[in-house]
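Just below is one structure, and these are the notes that go with it.
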Amino acid sequence: MGNRQEAIEQYNKSLKLGQKNYKERVIRGQYPYPQVLDEILDETMVAGRVDMGIIEIPTEQIIGTKTAGRRSAFASNFMPLLDVDSEFGYKWLDLCAAHLGDEGIRDPIRCYEYLGRFYVQEGNKRVSVLKSYGAPTIPGYVIRIIPSWSDDPTVRAYYDFMDSYRLTGLYRVCFSRSGSFAKLQAALGFEADHVWTEDERQHFVAGLTYFREALRKQNAEDLPVTPADALLVWLRVYKFEQLWSFSAAELAKSVAAVLKDIKLLSSAEPISVSTETEEEKTEDTPAPNIFGRLLQAVFPDHLNIAFINEYSPERSDWVRGHDLGRQHLESVMGSKVSVRVYNDVHPGEAAETVMKKAVEEGAQVIFATTPPLIAACRKLAAKHPGVRVLNCSASMPYAGVRTYYSRIYEGKFLTGAIAGAMSRDGEIGYVASNPIFGVPASINAFALGARLTNPRARIRLRWSCVEEDAVGALAADGVDVISNRDIPAPDRAKESWGLCQVRPDGTLRSLASPCWHWGNFYVKLVRSIFSGSWDGLSSRDGEQAVNYWWGMSSRTVDIWLGEELPEGVAQLVQILRRGIMDGSIDPFLRPIRSQDGQTRNDGSRWFSPAEILHMDWLCDCVEGDIPSYDQLLPIARSLVRLQGVYRDHIPPEKEGPVL
């Protein structure tokens, strides 16, 4: 009798939950009942079926029924909708009483699994009762329906899951993006093909359950990402074993620190690319109203800034360029800024220690000048959300860290135009650095510039990350004009920098080179903090990560011209340069065909910043290809892991950061 009365009370509580769920979904315009597999699946979508036997099904992944029968008896959360005095209600009470008895509900349900979700064929009321008590799993006899292969991201992720299931035996380890399981294995310290033991399964499930509770407290469970997705983001900052050292409050705080990055997973455009300075944006903008002026009154009048360099300026031309930018910043801003410099900071724990020290010494803004420092930047930003953290890299989807780079392809377009005009026979050499974001765009812009002044120009592509002396190899082949490494700073013009002409004796004469003016970037960026436009950018872009990608119009990029460049060619370059700066010339606004014969532009379309940054194809006038990861020299591989155009397809390393 006691079990029956408790079952009635449980039904009434569950009925209220079902009615609430039903009303909320109707108000939001959502389907209020459990999904019906037969209504969302047809045989053309099926590649096969697999008998999985009896397994423990995660309760939260049971979302529907196989057929439409009795679906109106349940809300979408499987809570009842019918009155307790109905036939349905009586059967529900009988199952509930059995659950409360000595034997409990023992018979497994029967269901189908499709794309990681389960649809009940027999046992709907058993699911309802067990869900009402918060049972974490339900035993069930499962038939897996394998979807037909396609490039749909959901299908690709599911095929990844089928591979991972053979190693984990867990349905809880599912992700919304392909490639994520390999990152989880690396984050847990496992080899890519490691088969989980029973103890490892239980340990992971316990940790994931603890993490999910913290996620729930942040009202993040309704995000269109899986708990494993969210945990993988958390593991970018923390280690899995730290779960057990955190109290519930500490864990909730750590989840809150990475919540913006978790939300980015569900964004169609996780990165906002800022292609112009705030000064450029506000040239035609009216003066701020009284509310804007009141806000400006609370902006800082002094900033403590730290520069974190992986190498010293004496050892690295790249760092030297940034250090000259730092000196320019101090010269222009004067007493408004106090700057500390930390050199020879190795990525990893050493960088984390130095950045923590910088914050303890008062840093309010941190510039980390090389991509490998991104992992330490992420961790610092999560733990110190009040510090403005920037990393010199491109296309990093982390809301807490802003990245900055430059549209160097604009300068490459100009040197390409020079190459086309100066080449003896139209055979032009190009030595690319690494297959990272923006480099294919630079190659293509150079090629289009060459075709502008020489319609028959052909670009012979070589890579310094593949061969030790790519310039020498091109010169030995008789190529007389070669695009080499860019000048890293305006004061470093050398014979072998930039676009070079091969003299009869084999030496190189520099004709021109794109160059960086990082000082202009740093001054404009710091001024944006003083003016409040930094915070305005955050407000406009919401939860997006911000990537500054400025070009010639901001004077972050420019071109150096050699004294021996013919006057007519120099005049042409200046005309093209002014056109790029005022926006009347776009290197990619012209007919473009790629090597595979595909029309990439018919001449009428503007490429978006994302399309340019993520180019992984080459123009049809380029001879050569983008090297694979296995072809790279060892020294180049760590950077390509971080910034490579195919980085999502490189198997992660246990020792590396989880991206």
Side-chain angles (χ1 to χ4, degrees), residues 273-277 279-281 283 321 324-325 328 404-423 428 430 438-439 441-455 457 459 481-494 497-501 509-521 523-524 548-590 592 601 603 606-607 609 612-613 619:
V273 181
S274 170
T275 57
E276 55 188 359
T277 69
E279 294 168 353
E280 294 171 89
K281 292 178 184 177
E283 283 178 354
L324 288 173
H328 181 73
Y404 61 101
Y405 206 68
S406 65
R407 299 197 300 275
I408 201 70
Y409 73 85
E410 294 176 346
K412 290 289 192 180
F413 176 73
L414 300 182
T415 55
I418 297 171
M422 298 293 292
S423 173
I428 300 167
Y430 189 106
V439 168
S442 288
I443 299 168
N444 290 333
F446 180 90
L448 294 169
R451 279 288 174 98
L452 184 71
T453 55
N454 186 343
I459 310 303
V481 177
I482 301 171
S483 176
N484 193 14
R485 299 172 299 166
D486 304 322
I487 298 173
D491 70 336
R492 294 301 297 271
K494 294 182 179 179
W497 291 104
L499 183 69
C500 299
Q501 192 168 47
R509 174 169 69 105
S510 187
L511 300 174
S513 177
C515 58
W516 285 270
H517 287 278
W518 288 116
N520 290 334
F521 171 82
V523 168
K524 293 175 187 293
Y548 296 101
W549 199 40
W550 296 349
M552 284 189 164
S553 58
S554 69
R555 306 297 178 117
T556 301
V557 174
D558 209 338
I559 186 168
W560 169 85
L561 300 179
E563 294 179 357
E564 299 180 48
L565 195 67
E567 182 180 352
V569 176
Q571 289 178 346
L572 172 63
V573 172
Q574 293 298 352
I575 293 171
L576 296 174
R577 176 178 176 272
R578 285 195 295 272
I580 288 176
M581 292 184 70
D582 65 24
S584 61
I585 293 177
D586 183 317
F588 297 111
L589 187 60
R590 62 197 68 248
I592 303 173
N601 196 341
W606 296 80
F607 284 163
I612 297 173
L613 262 175
C619 290

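Checking Y548, W549, W516 one by one against S406, the side-chain hydrogen bond (donor to acceptor under 3.5 Å, both in side chains) holds for a single residue, W516. Among I443, I592, I459, the one residue that satisfies the side chain to side chain contact (heavy atoms under 4.5 Å, CB included) test with L448 is I592.
A side-chain donor-acceptor contact under 3.5 Å links T453 to the backbone of A417.
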Side chain to side chain contact (heavy atoms under 4.5 Å, CB included) between D586 and F607, worked out = CA-CA 9 Å; D586 183 317; F607 284 163; over 6 Å; no

Does the side chain to side chain contact (heavy atoms under 4.5 Å, CB included) test come out yes or no for L414 and M552, once each step is laid out?
-> CA-CA 11 Å; L414 300 182; M552 284 189 164; 3.4 Å; yes

Please test W560 against W497 for side chain to side chain contact (heavy atoms under 4.5 Å, CB included), starting from the C-alpha separation and ending with a verdict.
-> CA-CA 10 Å; W560 169 85; W497 291 104; over 6 Å; no

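Rounding to the nearest 0.5 Å gives a distance of 5.5 Å between CG of L561 and CD1 of I418. To the nearest 0.5 Å, atom CD1 of residue I585 and atom CZ of residue R578 are 9.5 Å apart. For the atom pair CG of N444 and OH of Y409, the computed distance is 11.5 Å after rounding to the nearest 0.5 Å. Of the inter-residue distances, the one linking L576 atom CG with S584 atom OG reads 9.5 Å to the nearest 0.5 angstrom. Q574 CD to I559 CD1: the interatomic distance, rounded to the nearest 0.5 Å, is 8.0 Å. Going from atom CG of L499 over to atom OG of S510 covers 7.5 Å, rounded to the nearest 0.5 Å.
Side-chain atoms of P514 and F446, non-hydrogen and from C-beta on, never get closer than 4.5 Å to each other. Considering only heavy atoms from C-beta on, T556 comes within 4.5 Å of W518 through its side chain.
Contact between V569 and A421 at its shortest, heavy atoms only, is CG2-CB, 4.2 Å. Shown here for S274 and W550, the closest heavy-atom pair between the two residues is O-CD1, 3.2 Å. Among all heavy-atom pairs drawn from F588 and A441, the shortest one is CZ-O, 3.4 Å. The two residues I428 and A450 come nearest to each other via the heavy atoms CD1-CB, 3.9 Å.
Within the structure, salt bridge (Lys or Arg N to Asp or Glu O under 4.0 Å) contacts touching residues 407-416 (residues at least two apart or in different chains) are R407-E410, K412-D486. Pairs passing the salt bridge (Lys or Arg N to Asp or Glu O under 4.0 Å) check and including a residue from residues 564-577, sequence neighbours excluded, read R509-E564, D558-R577.
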